[in-house]
Amino acid sequence: AQTVTQSQPEMSVQEAETVTLSCTYDTSESDYYLFWYKQPPSRQMILVIRQEAYKQQNATENRFSVNFQKAAKSFSLKISDSQLGDAAMYFCAQRSVSGTYKYIFGTGTRLKVLA
Amino acid sequence: EAGVTQFPSHSVIEKGQTVTLRCDPISGHDNLYWYRRVMGKEIKFLLHFVKESKQDESGMPNNRFLAERTGGTYSTLKVQPAELEDSGVYFCASSQRSLQGAATEAFFGQGTRLTVV
C-alpha cells in the first residue's frame, strides 16, 4: 500500500531564514509523482513543487526546492528566505502515473513564520 | 480563469440531518476528485469521476455518502444521515486529461468544513 508520512506536525522559522519540511513515502511502483501542496488558512490548496520519480535532478521553484532521495523514499521541502506569506499548512503527496491518479497525502505540517 | 470552487465554505449540521456539498471544477476538466481530511489526519481520497462516470469510489466510507456528477460538470456530495465522525474538511479537485489519456496536475478547491454536532 502507498503511504506518505510527515513527522513534523508543526514547524517555525524566522523570517528570511531557511526551513526544511520532511516527508517520507512508501510505494511499490517504480514511477510516480511527488508533490508539495500549500494551503493558507481558508484558502485553496496550491501546488508548490512537483517531482517526477524517474528524474534524478531535484526540482526547484524559486525559493522552494526539494531533496529527493529515491532509494530512501524521502522527499523533503526546503524553503529559503522564508516570508510571512509562506505561513500555511504544507502537505506532501504522492500520485501514480496511471490508474485513477488519486493522490496519497501525508498528515501535513503547519509552518509558522516569525517576524 | 476561475479555479475550483466549493460551496458552502462551512456547514454546521446536527447528527441525522442531510448535507449536500457542491464542487464546480475548472471548466474543461474531465477528472474530478473528492477528498476528506478529518482533524489532524491525512487527506484521504474518496472518489474519482471521469466526466459523469465514477472511475474509482474505493474511498467512500459507507453508503451514507452519495456523489453525483450529472452532465459531467459540477459535482455534489451528499451525506445522509450525517454522523459525528463525518466532520472534517471536504476537498474537491479537478484535472485535465492529456492527449495520451493521463491526468495532468490537479487543482484543489478551498474545501468545505463540515461540522456535525
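Numbered from 1 within each chain, the chains take letters A, B, ... in sequence-line order.
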Colleague: Mind checking what makes side-chain hydrogen bond (donor to acceptor under 3.5 Å, both in side chains) contact with A:D86, not counting sequence neighbours?
Modeller: A:R63
Colleague: With rounding to the nearest 0.5 Å, note down the distance linking CD1 in A:I46 to CZ in B:F107.
Modeller: 11.0 Å
Colleague: On a heavy-atom basis, which atom in B:I43 and which in A:F105 lie closest, and how many Å separate them?
Modeller: O-CB, 3.5 Å
Colleague: On a heavy-atom basis, which atom in B:R37 and which in A:T107 lie closest, and how many Å separate them?
Modeller: NH2-O, 2.9 Å
Colleague: Has B:K41 got more than 12 heavy atoms of other residues, nucleotides or ligands less than 6.0 Å from its NZ?
Modeller: no
Colleague: If you count every heavy atom of other residues, nucleotides or ligands that lies below 6.0 Å from A:Q57 atom CD, does the total exceed 12?
Modeller: no
Colleague: Counting only heavy atoms not in A:F64 (residues, nucleotides, ligands), do more than 12 fall under 6.0 Å from its CZ?
Modeller: yes
Colleague: How many angstroms lie between CZ in A:F91 and CZ in B:F91, if you round to the nearest 0.5 Å?
Modeller: 5.5 Å
Colleague: Identify whether B:Y33 and B:V50 are in the same connected component of the hydrophobic contact network (ILVMFWY, side-chain heavy atoms under 4.5 Å).
Modeller: no
Colleague: Taking atom CG of A:N62 as the centre, report whether more than 12 heavy atoms of other residues, nucleotides or ligands fall under 6.0 Å from it.
Modeller: no
Colleague: Within a reach of under 6.0 Å around NZ of B:K44, are more than 12 heavy atoms found that belong to other residues, nucleotides or ligands?
Modeller: no
Colleague: How about A:K70: does its NZ atom have over 12 heavy atoms from other parts shown lying under 6.0 Å from it?
Modeller: yes
Colleague: Are the side chains of B:Q110 and A:Q44 in touch, meaning some heavy atoms are under 4.5 Å apart?
Modeller: yes
Colleague: What part of A:Q39 is in contact with chain B, defined as an atom under 4.5 angstrom from a non-hydrogen atom: side chain, backbone, both or neither?
Modeller: side chain
Colleague: Looking at A:Y103, is its backbone amide N or carbonyl O close enough to the side chain of B:Y35 to form a donor-acceptor pair, meaning the two atoms are under 3.5 Å apart?
Modeller: yes
Colleague: Let me know if B:S9 has heavy atoms under 4.5 Å from chain A in its side chain, its backbone, both or neither.
Modeller: neither
Colleague: Before you tell me yes or no, could you show the steps for B:E105 and A:L47 under side chain to side chain contact (heavy atoms under 4.5 Å, CB included), namely the whole-Å CA-CA distance, both residues' side-chain angles and the distance that decides it to 0.1 Å?
Modeller: CA-CA 9 Å; B:E105 172 195 341; A:L47 178 66; 3.4 Å; yes
Colleague: Between B:R113 and chain A, with a heavy-atom cut-off of 4.5 Å, which part of the residue counts as in contact: side chain, backbone, both or neither?
Modeller: neither
Colleague: Taking the side chain as every heavy atom from C-beta outward, state whether A:K102 and B:D56 have any pair of such atoms under 4.5 Å apart.
Modeller: yes
Colleague: Which bit of A:F35 comes within less than 4.5 Å of chain B, counting heavy atoms only: side chain, backbone, both or neither?
Modeller: neither
